[in-house]
Amino acid sequence: MKKGEIKMALIKCDFFAESLGMCSSMYVVIPQKGTNGQIGIKNVCHDGKFKSLLLLHGLSDDQSIWLRRTSIERYASEYGIAVIMPCGGKSFYTNMKYGSDFYTYIAKEVPAVAREFFQISGRREDCFVAGISMGGYGALKIGLKESDSFSAAAGISSVADIVQRSQPKGEGEIDFSNVLTPVFGKEMDIPAEEDLFQLAEKKGKDGAPLPKVLMCCGTMDYMYQDNLRLKEHFEALPFDFTFEEAEGKGHSWEYWDAAIQRVLEWLPL
């Protein structure tokens, strides 16, 4: 698809999620085909299925946040890509110890349901995942674990070191340990497959397809040092890896609105 101004449809999709055993919801923005007449928009026809970005929210948000805090629909229209925005609760995109199977839901069921309902390609080279903060952790984890299904993964201001963040923090520091207890259990025994450091190392050595990886983080983010450590780890492995930092930016939508535009620019669209 040629880059240009493309009409987009915004769809709120309510459906039954088998992996959660309950009804759930996602927003999808998808290029609209075959109509004319919208003022200020060029008609770009596309006969095939659309590439897609699975876009994940952070800890305090839900599936609506990208629509409320950014112009993701307008940004996606420049590339003719569908954007799928599901709700992951406070799961850290994990099959929770005391909760629901959110990893299975987000990584497997949501993309399958989106392909069933919409004109979205299921080819690996057409499927990407990205997210912020908790969603950055989820996006990198899904990109690594599901590299047969996703060809690129981007983490923005990611919870890069889940082991470090699971430990109780001192006064003035953000403490994730209480939030992570339902995810990993009271013992906080984090499996190797949930640790991005161990997961990247295993994936980099097992001969499986490797996703293209982008990490973005502001230098004033309280998890900047965690992101730098993960950056160094990726750089020692055979990934197509890019790290970009934003001077003076913190953990905020001011930065994330710009960063998601950079992610779309970076994707192989």
Side-chain angles (χ1 to χ4, degrees), residues 12-28 52-59 61-66 82-118 120-124 126-155 158-159 162-163 165-166 176 179-200 202-203 206 208-211 213:
K12 181 178 184 289
C13 180
D14 298 307
F15 63 100
F16 184 80
E18 293 186 3
S19 49
L20 301 181
M22 60 182 287
C23 291
S24 190
S25 179
M26 63 181 171
Y27 283 100
V28 179
S52 65
L53 175 64
L54 180 62
L55 188 57
L56 308 181
H57 63 78
L59 182 63
D61 301 320
D62 66 9
Q63 69 272 26
S64 71
I65 198 67
W66 285 101
V83 182
I84 304 161
M85 294 162 281
C87 185
K90 293 187 175 183
S91 68
F92 278 78
Y93 303 96
T94 301
N95 288 344
M96 303 171 72
K97 182 83 170 179
Y98 309 119
S100 299
D101 289 347
F102 273 95
Y103 180 84
T104 302
Y105 170 63
I106 297 292
K108 299 178 182 295
E109 186 171 2
V110 164
V113 168
R115 290 194 299 271
E116 178 185 353
F117 292 164
F118 309 109
I120 291 175
S121 172
R123 299 190 308 166
R124 176 183 184 268
D126 294 339
C127 299
F128 321 114
V129 58
I132 53 163
S133 195
M134 179 187 78
Y137 165 76
L140 294 174
K141 181 169 67 172
I142 290 169
L144 291 169
K145 293 176 73 171
E146 308 297 329
S147 61
D148 287 337
S149 299
F150 295 89
S151 60
S158 303
V159 180
I162 196 70
V163 175
R165 290 295 146 189
S166 70
F176 281 79
V179 177
L180 289 173
T181 296
V183 179
F184 297 115
K186 295 178 181 178
E187 298 79 14
M188 211 62 72
D189 183 16
I190 299 176
E193 65 180 11
E194 306 298 333
D195 176 3
L196 294 178
F197 289 84
Q198 296 186 65
L199 188 56
K202 179 179 183 296
K203 181 62 67 171
D206 67 7
L210 298 179
V213 177

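We're numbering straight along the sequence, starting at 1.
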Qualifying side chain to side chain donor-acceptor pair (under 3.5 Å) pairs, either residue in residues 103-114, two or more places apart:
S19-E109, S24-Y105, N95-T104, Y103-E146, K108-E146

For Y27 and W66, what are the C-alpha separation, side-chain angles and deciding distance, and is it a side chain to side chain contact (heavy atoms under 4.5 Å, CB included)?
CA-CA 10 Å; Y27 283 100; W66 285 101; over 6 Å; no

Is any side-chain heavy atom of L54 less than 4.5 Å from a side-chain heavy atom of C127?
no

On a heavy-atom basis, the closest approach of G122 and R115 is CA-CD, 3.3 Å

Side chain to side chain, V159 and S133, heavy atoms closer than 4.5 Å
yes

Is the shortest side-chain heavy-atom distance between F176 and L59 below 4.5 Å?
yes

Considering only heavy atoms from C-beta outward, does the side chain of I84 approach that of F118 to under 4.5 Å?
no

From CG (D126) to CZ (F128), nearest 0.5 Å:
6.0 Å

With a 4.5 Å cut-off on side-chain heavy atoms, are F184 and I162 touching?
yes

Output the distance between atom CG (L199) and atom CD (E193), rounded to the nearest 0.5 Å.
8.0 Å

Taking all non-hydrogen atoms of both residues, which atom of K203 and which atom of S147 are closest, and how far apart?
NZ-OG, 3.2 Å

Is there a donor-acceptor pair under 3.5 Å between the side chain of S151 and the backbone N or O of R124?
yes

Give a yes or no on whether the backbone of G88 and the side-chain of H57 come within a donor-acceptor separation of less than 3.5 Å.
yes

Side chains of P211 and L144: does their closest heavy-atom pair fall under 4.5 Å?
yes

Please check this pair: side chain of K141 against backbone of F92, looking for a donor-acceptor N/O pair closer than 3.5 Å.
yes

L180 vs I190 side-chain heavy atoms within contact, under 4.5 Å
no

Is the shortest heavy-atom distance from the side chain of E194 to the side chain of Y137 under 4.5 Å?
yes

Please find the pair of heavy atoms, one from A192 and one from Q198, that lie closest to each other, and give the distance.
CB-OE1, 3.2 Å

For S166 and M188, the nearest pair of non-hydrogen atoms, with its separation, is CB-CG, 3.4 Å

The reported gap from CG in L140 to CG in L56 (rounded to nearest 0.5 angstrom) is 10.0 Å

Nearest heavy-atom neighbours spanning M26 and P86
CB-CA, 3.8 Å

Just verifying a value: how many Å separate C13 SG and M85 CE, rounded to the nearest 0.5 Å?
12.0 Å

Exercise: identify the closest heavy-atom pair between A154 and A139
O-CB, 3.5 Å

Return the CE to NZ distance between M134 and K90, rounded to the nearest 0.5 Å.
9.5 Å

